[in-house]
2 protein chains.
Amino acid sequence: MPAMSEAPESKPVGAGRQLLFLREEELRLAQDLLFFGYRDFTAGPDAILAELGMGRAHHRVLHFVGRRPGITVGDLLSILGITKQSLGRVLTPLVEDGYVTQAPGRNDRRQRLLSLTEKGEAMEKRLFERQREWVMRAYREAGPVAVEGFRRVMLGLMGPEARAQLDRAQPAATPGAPKPRSAA
Amino acid sequence: MPAMSEAPESKPVGAGRQLLFLREEELRLAQDLLFFGYRDFTAGPDAILAELGMGRAHHRVLHFVGRRPGITVGDLLSILGITKQSLGRVLTPLVEDGYVTQAPGRNDRRQRLLSLTEKGEAMEKRLFERQREWVMRAYREAGPVAVEGFRRVMLGLMGPEARAQLDRAQPAATPGAPKPRSAA
DNA sequence: AAGAAACGTCAATGACGCTGACCCAAAAGG
DNA sequence: CCTTTTGGGTCAGCGTCATTGACGTTTCTT
C-alpha cells in the first residue's frame with residue numbers, strides 16, 4: 001500500500017518554483033489548513049450564537065432558508081444532509097422564537113414552505129456580517145487570483161451531490177449576470 | 001442588499017473578468033463552499049473511523065501526534081483548542097488500544113510525550129490515504145495555480161494563533177527530506 | 001518546605017448527530 | 001371511494017464531542 005515518503009520517482013515534475021506533486025507534506029498541509037481554517041471561519045458566528053443559546057446548526061438553517069426562501073422541509077433536509085429529527089430539534093425552536101415562518105404550499109398543502117421573518121433576516125445578517133469581515137480580510141490578503149483558486153479547490157473538495165445542490169442553490173445573483181460558471 | 005459598484009479598497013484589482021469586490025453573493029458562496037467542502041472532505045475518514053468506534057476527534061489526535069512525535073499533552077491541547085477533559089476522553093482509549101504511546105519527558109518528567117505506535121501510524125496512514133485521494137482529485141482538477149490560491153486563502157481564514165501553530169508544526173517543507181526530528 | 005505546573009479523572013451539562021417507531025394530513029392512484 | 005404513498009412532525013433513546021468545576025498526583029521550581 002503506502003510507501004513512506006520518498007523521492008516520488010513517478011514523474012519528473014518540473015514546474016520550477018512551486019512543485020505541485022502531491023507528496024506527503026503537501027497533503028498534510030491541506031489537512032491542517034482545512035482544520036484550522038474552518039474552525040476559525042466558524043468561530044465568529046459561533047460566539048454570537050452561543051449568546052443566544054443557539055448553535056451552528058441554527059446558523060445553517062438560517063443561512064439556507066435565507067438563501068432559498070420558500071424552501072420545503074424536504075429540500076432543506078437534503079441540503080443539510082441530516083435527518084428530520086435532527087432538523088426538527090433546531091427548526092422548531094427557530095419557528096417558535098419567530099425567526100422562521102412556515103407556510104403551506106399552494107400546490108401541495110402538505111408542504112411547509114420555510115422563510116425567514118424579519119427577525120430571522122436580521123439575525124442571519126448579523127452572523128453574515130461577522131463572517132464577512134473575516135473572509136474579506138482573507139480575500140484581500142490573498143488577492144483575486146488566489147480567491148478564484150480557492151473556489152476551484154473547494155468546489156473540487158465537494159462531492160457531486162453537494163455540487164449539484166450548490167448549483168441549485170445559486171439564485172440569479174444579479175439580474176443579467178447569471179452564470180459564474182466554468183472559470184479557468 | 002449591498003450596492004453593486006462599491007469597490008471596497010481602491011486597489012486597482014483589474015483582473016477584467018472576475019472583479020473581486022466582496023458583494024453579498026460573493027460571501028454567501030464562500031460560506032456554501034466551506035460548509036460543503038469541509039463536510040465532504042471529512043466524510044471519507046469519518047466512515048473508516050466509525051467502523052472502528054472512533055470519531056473525528058481521534059483522527060485529529062492521530063494526525064497531530066503523527067505530525068509532531070514527542071509532543072506534550074499541553075502542546076497538543078493548545079493546538080486542538082479543547083480542554084484536557086475533552087482530550088482525555090479520546091486520548092486515553094487511544095493509548096489503551098495501543099495507537100499512541102506516552103513517554104516521560106527527559107527534561108521534565110511530569111510531561112507525557114506522545115508518539116504513535118506502529119499500529120497508530122498504520123491507522124493514521126489509512127485515514128490519510130483516504131483523504132489524499134480526495135484532495136488529490138480536487139487539486140488535479142483545479143491546477144497548481146488554484147492550489148496556491150487555496151492555500152493563501154485558507155491561511156488568511158486562520159486566526160493568528162492557528163497560523164503560529166501551523167508554522168511551528170511545519171517540518172522542513174523543503175522537497176527532498178521531509179522527516180522531522182525533535183525531542184527524543 | 002511551599003507553591004506552581006503538567007497531567008489525570010470524576011461528575012454533570014449541552015449541542016448535534018443518529019435510529020426506530022408512530023402519528024397526522026394531504027396527495028395519488030387504483 | 002378507499003387504500004397507499006408522501007411530506008412533515010414527534011417521542012424515546014443512544015453516541016460523540018465539547019464544556020465547566022473540582023480534586024488528586026507527581027514533579028519541578030523557588
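Labels below follow one simple rule: chain letters A, B, ... track the order of the sequence lines, proteins then strands, and each chain is numbered from 1.
- Between B/Ile82 atom CD1 and C/dC7 atom P there is a gap of 14 Å when expressed in whole angstrom units.
- Residue B/Ser86 places no side-chain N or O under 4.0 Å from the OP1 or OP2 atom of D/dC17.
- In this structure, A/Phe35 has its ring center no closer than 6.0 Å to that of A/Phe41.
- One atom, CD of A/Gln111, and another, C1' of C/dA27, lie 11 Å apart when rounded to the nearest Å.
- At C/dT19, none of the side-chain N or O atoms of A/Thr83 fall inside 4.0 Å of OP1 or OP2 (strictly under the cut-off).
- Each ring pair (Phe, Tyr, Trp, His ring centres under 6.0 Å) pair with one or both residues in residues 91-135 of chain A, not counting sequence neighbours, would appear here, but there are none.
- Atom-to-atom, CZ of A/Arg89 to P of C/dC18 comes out at 9 Å; the value is rounded to the nearest Å.
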Before giving the answer on salt bridge (Lys or Arg N to Asp or Glu O under 4.0 Å), spell out for B/Glu25 and B/Arg28 the whole-Å C-alpha distance, their side-chain angles and the decisive distance to 0.1 Å.
CA-CA 5 Å; B/Glu25 184 51 31; B/Arg28 302 229 182 259; 5.6 Å; no

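- Taking 4.0 Å as the cut-off between side-chain N and carboxylate O, B/Glu124 and B/Lys119 do not count as a salt-bridged pair.
- The overall bend of the helix from C/dA1-D/dT30 to C/dG30-D/dC1, read as the angle between its terminal helix axes built from five base pairs each, is 10° when rounded to 10 degrees.
- A salt bridge is defined here as a Lys NZ or Arg NE, NH1 or NH2 lying under 4.0 Å from an Asp or Glu carboxylate O, and A/Glu121 with A/Lys125 fails to meet this definition.
- Among residues at least two apart or in separate chains, salt bridge (Lys or Arg N to Asp or Glu O under 4.0 Å) pairs with a member in residues 100-109 of chain A are A/Asp108-A/Arg110.
- In this entry the distance linking CG of A/Leu77 with C1' of C/dT19 reads 15 Å, nearest Å.
- Across all non-hydrogen atoms, the minimal contact from A/Pro69 to A/Ser115 is C-OG, 4.1 Å.
- Using modelled atom types and a 3.5 Å distance limit, the side chains of A/Asp46 and A/His59 yield no donor-acceptor pair.
- Residues forming a side chain to side chain contact (heavy atoms under 4.5 Å, CB included) with A/Glu133 (at least two apart in sequence, or on another chain): none.
- Under 4.0 angstrom from either OP1 or OP2 of D/dT10 there lies at least one side-chain N or O belonging to A/Thr92.
- To the nearest 0.5 Å, atoms CZ (A/Phe64) and CD1 (A/Ile71) are separated by 8.5 Å.
- A heavy atom lying under 4.0 Å from DNA chain C marks the following residues of residues 42-59 of chain A, by number: A/Gly55, A/Arg56, A/Ala57, A/His58.
- Atom-to-atom, CZ of A/Phe35 to P of D/dC17 comes out at 12 Å; the value is rounded to the nearest Å.
- Computed from coordinates, the A/Asp75 CG to D/dG7 C1' distance equals 11 Å when rounded to whole Å.
- Rounded to whole Å, atom P of C/dA6 lies 13 Å from atom CG of B/Leu113.
- Taking atom CG of residue B/Leu80 and atom C1' of nucleotide D/dT19, one finds them 15 Å apart after rounding to whole Å.
- In this structure the side chain of B/Val95 never reaches within 4.5 angstrom of the side chain of B/Thr101, judged on heavy atoms.
- In this structure the side chain of B/Ile48 reaches within 4.5 angstrom of the side chain of B/Arg126, judged on heavy atoms.
- Put simply, the side chain of A/Arg112 and the base of D/dG7 share no donor and acceptor less than 3.5 Å apart.
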What nitrogen or oxygen pairs link the protein and nucleotides 24-30 of chain D at under 3.5 Å?
from, atom 1, to, atom 2, distance (Å)
D/dC28, OP1, B/Arg109, N, 3.1

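- The base of D/dG21 is paired with the side chain of B/Gln85 by a donor and an acceptor separated by under 3.5 Å.
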